[in-house]
Amino acid sequence: MNRYEKYKRKITRYYNTISRYKVKLKRKFIKLKNLIMEIGISKDEFSLLEPKKQIISYPCHLGIIIIGDFNNNLYPALRKNIMGIFGPFFYHVHDLGKKNSLDYFPGDSFKKGIKRELKEDNKSLETLRLHPTKKFHQLLIEKKKTHDIDIILAITDLPLYSSYDKQIIFLFGETNLKHYCSIVSSFNLKEEFYNRRNNYNLFKRRLIKEAIHEVGHLILGPEHCVNDFCVMKYSSDISDIDKKSSHLCRECYEKLLNKRKIYNL
Ligand SMILES: [Zn+2]
Ligand SMILES: [Zn+2]
């Protein structure tokens with residue numbers, strides 16, 4: 001065998017080894033991609049895990065975004081009620097529009113991180129697909145950048161589970177204090193969820209309370225109030241929401257006044 005033949009064989013051997021590794025790597029890549037789909041972590045969401053703390057000065061700009069198919073325009077009522085309590089903290093409330101969820105989560109991203117839960121309906125068992133709150137927070141961080149908004153509140157018609165504690169399912173809302181964004185789910189605010197007759201006014205009242213509650217966290221901090229009638233009281237079920245009002249109690253209002261003093265509002 002001459003030298004040329006020897007090298008040719010060597011190159012073929014190397015080429016075959018590389019091809020084998022290529023197949024192996026491809027398999028590993030597919031496995032990893034499936035795992036990512038399952039646990040709901042992507043490159044974008046990793047950036048959520050290492051957040052730069054945003055510093056906000058008041059007054060600032062609040063944006064409201066509606067994600068889902070809502071028959072009525074919820075924006076005016078949300079704006080009016082939020083401004084009624086937190087008005088001095090905002091220059092303006094921006095209507096960032098309404099679109100269905102698939103428009104916001106194109107392709108596979110809608111399915112990412114879904115958790116399946118069984119729910120008993122009137123007659124049968126229904127499988128519901130719950131979405132992680134972090135998926136929404138990531139979207140909201142991007143929306144804040146594109147709209148040049150400081151604080152953002154989103155309303156979705158999809159059921160949620162908490163990305164921070166996966167045992168917390170069908171939660172009403174969650175706020176990310178580092179990124180100043182909140183998500184409220186209307187899914188289990190509807191009477192139909194409890195196998196009762198549709199009551200739009202009751203639904204709207206609940207939604208407003210939860211929206212105020214989450215914006216309240218953004219301004220007043222993560223603590224909950226102990227007063228049953230205060231909007232900042234934690235609601236573990238729907239009856240808790242119905243018990244509380246859409247207002248701040250005396251103590252929470254004092255806290256709000258102190259915040260206003262800090263920012264000269
Ligand atoms: Zn809360
Ligand atoms: Zn209170």
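Remember, predicted model here, so these are calculated numbers, not experimental data. Note that ligands are numbered from 1 as they come in the structure, with each ligand's atoms numbered from 1 the same way.
With Y234 as the aromatic partner, K244 does not meet the cation-pi criteria of under 6.0 angstrom to the ring centre and within 45 degrees of the ring axis. Cation-pi check for K135 over Y104 is not met; the charged atom does not lie both under 6.0 angstrom from the ring centroid and within 45 degrees of its normal.
The Zn ion (ligand 2) lies at the vertex of an angle of 100° between the SG atom of C225 and the SG atom of C249 (rounded to 10°). Put simply, the angle at the Zn ion (ligand 2) from SG in C252 to SG in C230 is close to 110°, to the nearest 10°.
In terms of the ring pair (Phe, Tyr, Trp, His ring centres under 6.0 Å) criterion, F172 has no residue partners (sequence neighbours excluded). For S182, the side chain to side chain donor-acceptor pair (under 3.5 Å) partners at least two apart in sequence or on another chain are T175.
Tracing side-chain contacts under 4.5 Å through hydrophobic residues (I, L, V, M, F, W, Y), one reaches I169 starting from L128; they form part of the same cluster.
Within the protein, the number of N, O or S atoms lying under 2.8 Å from the Zn ion (ligand 1) is 3.
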Chi angles and distances behind the side-chain contact (heavy atoms from CB on, under 4.5 Å) call for L153, I82: CA-CA 11 Å; L153 164 73; I82 290 169; 3.7 Å; yes
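Every pair tested for side chain to side chain donor-acceptor pair (under 3.5 Å) that includes a residue from residues 65-92 fails, sequence neighbours excluded, so the list is empty.
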